[in-house]
Amino acid sequence: MAIKKDLSINFLGVECENPFFLSSSPVCNNAEQISKAFDAGWAGIFYKTVGINGMDEVSPRFDITTKETTPWTGFKNMEQISERSLAENVEDIKILKAKYPNKVIGISIMGSNEEEWVTLAKEVTAAGADILELNFSCPQMTSHAMGSDVGQNPELVYKYTKAVVNNTHLPVVAKMTPNIGKMEEPALAAMRAGAQGVSAINTIKSITNIDLDILTGKPVVNGKSSISGYSGSAVKPIALRFITQLAKCEELNEVQLSGIGGIETWQDAIEFILLGCRNVQVTTSVMQYGYRIVEDMITGISHFMEERGVDRLDELVGIALNNIIPAEELDRSFQIIPHIDLEKCIGCGRCYISCYDGSHQAIAWDGETRTPKIINEDCVGCHLFMNVCPVTNCITSGEVIFKEGRQNNRSAKDIVQQLVYQ
């Protein structure tokens, strides 16, 4: 039976029917596209970044890293900001706001100097935008005065954010680059200039593949290529890391977060929400599966909430953060020895090879019967070979062994029980 919960949430003072927005990208480049997305159930968009002039693009401009089960795991693009003029984009913004007054029209903007940032802020505000997102993060701009080079410079982030904030009444979100060590620094600069939100992450500078015939990167543009942005499910772990660091930064506790990076399923989306995001943005999932993927996201989160007795999406925002702690605070007092179910074992030997060549030589192998056996006294509980076994639940967490003198009246059962939910 289909379950549909109330997924409405307030983001930056703007009421959203659900947390799902399209991120600034080719999937929301004009009014016709965005109308289809709104009709499919997306609550809002961040319009493909609007600049003063349209961009001069290359062809082709995409490459992928692949996995058998999906069209791609990673997606490289050499796309810049909107190819359309400011005037064309402003006209489409007006059309969308008139046609969809209850949808959220977020507009991403990018200038190359303070005057351009001010012009863009005024124009899109007047056109009917609900939120402004400042693109400090595109990694393949042809000008060093724009994109991720700006986003790595807290002084410029402050300057341009302040210019925008002074010329709009709308909530302002600063979009951060992951091509940096500490994202908190430019995020704090944006906040001090008046930004109320931070979105992260934009794409990661990359070279995905080398063409072995013509000896250049991909995509190939007249025999050459360049470093550009990487996205898709492969970047989700990096995005979750940055979101966690932003959410746990005490100086940023008044800033609301919008999560981006590898969100392809409802499970991906809920992970960002559990780490503090009130809004999530999606692109590559739409490129693979179309706008209707939002229906699965809405249904999936609704079932997740129903199973846990959660009535409001707000109740889930950030509740996983307290379980992410510094490495030095992790409990190092025990080891969990895996258990092998020999009835499920197919005798492939991958666990033995993985442990022997890649870990601590804690599996004995019977070549005649093709069966593995864990050597408990040598096992350190790293669980490497659990991750290579091709049979579901053939290898599971087993006995908990406390290091000498470190049990402290804790129950091994309690520790194992925590693993049931992984």
Side-chain angles (χ1 to χ4, degrees), residues 21-29 46 48-49 55 57-82 108 110 133 135-144 146-152 174-183 186 198-212 215-221 224-246 258-265 268-269 271-272 275 277 280-289 293:
F21 279 39
L22 296 176
S23 52
S24 172
S25 68
V27 304
C28 51
N29 192 39
F46 282 103
K48 186 178 181 185
T49 305
M55 303 307 298
E57 295 283 14
V58 298
S59 175
R61 63 187 79 161
F62 300 135
D63 188 35
I64 63 173
T65 53
T66 59
K67 186 177 179 180
E68 292 179 2
T69 55
T70 60
W72 63 64
T73 54
F75 182 81
K76 179 188 177 187
N77 83 89
M78 295 166 68
E79 189 100 8
Q80 298 183 97
I81 64 175
S82 177
S108 177
M110 183 196 294
E133 183 181 63
N135 188 340
F136 296 131
S137 47
C138 180
Q140 56 261 358
M141 298 304 297
T142 54
S143 167
H144 293 294
M146 304 171 81
S148 63
D149 286 352
V150 174
Q152 295 173 66
K175 188 173 184 179
M176 296 287 100
T177 175
N179 302 296
I180 193 169
K182 284 183 68 65
M183 188 179 287
V198 169
S199 56
I201 60 174
N202 206 327
T203 54
I204 300 169
K205 288 185 177 183
S206 70
I207 295 176
T208 44
N209 297 286
I210 298 295
D211 188 307
L212 299 183
L215 307 181
T216 189
K218 294 182 179 180
V220 180
V221 181
K224 306 293 183 182
S225 192
S226 68
I227 293 170
S228 61
Y230 190 55
S231 59
S233 62
V235 310
K236 187 186 77 170
I238 300 166
L240 292 175
R241 163 239 165 161
F242 277 115
I243 286 294
T244 299
Q245 289 177 318
L246 292 171
S258 176
I260 321 169
I263 300 172
E264 296 192 353
T265 66
D268 297 329
E271 289 176 18
F272 280 80
L275 290 177
C277 294
V280 291
Q281 300 184 38
V282 178
T283 282
T284 58
S285 185
V286 172
M287 288 178 162
Q288 296 176 82
Y289 308 114
I293 191 66

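Heavy-atom basis, side chains included; hydrogens, waters and symmetry copies ignored. Not measured: the values here are computed from a predicted model.
Listed for the Ser285 side chain is no donor-acceptor partner under 3.5 Å among the backbone atoms of Thr283. Remark: the backbone N or O of Val220 is not paired with any side-chain donor or acceptor of Ser225 at under 3.5 angstrom. A distance-only check finds no donor-acceptor pair linking the side chain of Asn29 to the backbone of Pro26 [under 3.5 Å]. Ser24 places a side-chain N or O within donor-acceptor distance of the main-chain N or O of Thr49, the cut-off being under 3.5 Å. Of the possible polar contacts, one joining the Thr265 side chain to the Asp268 backbone as a donor-acceptor pair under 3.5 Å is found.
When all heavy atoms of Ala239 and Gly261 are compared, the closest pair comes out as CB-O, 3.9 Å. Minimum heavy-atom separation, Leu240 to Glu271: CD1-OE1, 3.4 Å. Minimum interatomic distance between Leu22 and Val286 (heavy atoms only, all atoms of both residues): CD2-CG2, 3.8 Å. The minimum heavy-atom distance linking Asn179 with Lys205 is given by the pair OD1-N, 2.9 Å. Considering all non-hydrogen atoms of both residues, Tyr230 and Ser206 come closest at CB-OG, 3.3 Å. The minimum heavy-atom distance linking Ser258 with Phe46 is given by the pair OG-CE1, 4.4 Å.
No side-chain N or O of Asn202 forms a donor-acceptor pair with one of Thr177 less than 3.5 Å apart. Residues Glu133 and Ser199 bring a donor and an acceptor atom of their side chains to less than 3.5 Å of each other. Judged purely by distance below 3.5 Å, without hydrogens or angles, the side chains of Ser233 and Thr73 never pair a donor atom with an acceptor atom.
To the nearest 0.5 Å, atoms CZ (Arg241) and CD1 (Ile201) are separated by 9.0 Å. Between the CG atom of Asn135 and the OG atom of Ser108 there is a distance of 4.5 Å, given to the nearest 0.5 Å. From Asp211, atom CG reaches atom OG1 of Thr216 across 7.5 Å, with rounding to the nearest 0.5 Å.
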### Query
Going through the checks in order, is the side chain to side chain contact (heavy atoms under 4.5 Å, CB included) test met by Ile293 and Gln288?
CA-CA 9 Å; Ile293 191 66; Gln288 296 176 82; over 6 Å; no

Test side chain to side chain contact (heavy atoms under 4.5 Å, CB included) on Ile204 and Ile238; report intermediate values, then the result. CA-CA 9 Å; Ile204 300 169; Ile238 300 166; 3.5 Å; yes

Q | Test log, rule side chain to side chain contact (heavy atoms under 4.5 Å, CB included), inputs Phe21 and Val282 | A | CA-CA 6 Å; Phe21 279 39; Val282 178; over 6 Å; no

Item to complete: Show your working on side chain to side chain contact (heavy atoms under 4.5 Å, CB included) between Met176 and Phe136 and close with a plain yes or no.
Response: CA-CA 6 Å; Met176 296 287 100; Phe136 296 131; 4.2 Å; yes

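When side chains are defined from C-beta on, Val198 counts as touching Leu246, because their heavy atoms get closer than 4.5 Å. Thr284 is listed as a side-chain neighbour of Glu264, based on a closest heavy-atom distance under 4.5 Å. Between Ile207 and Ile227 there is a side-chain heavy-atom pair separated by less than 4.5 Å.
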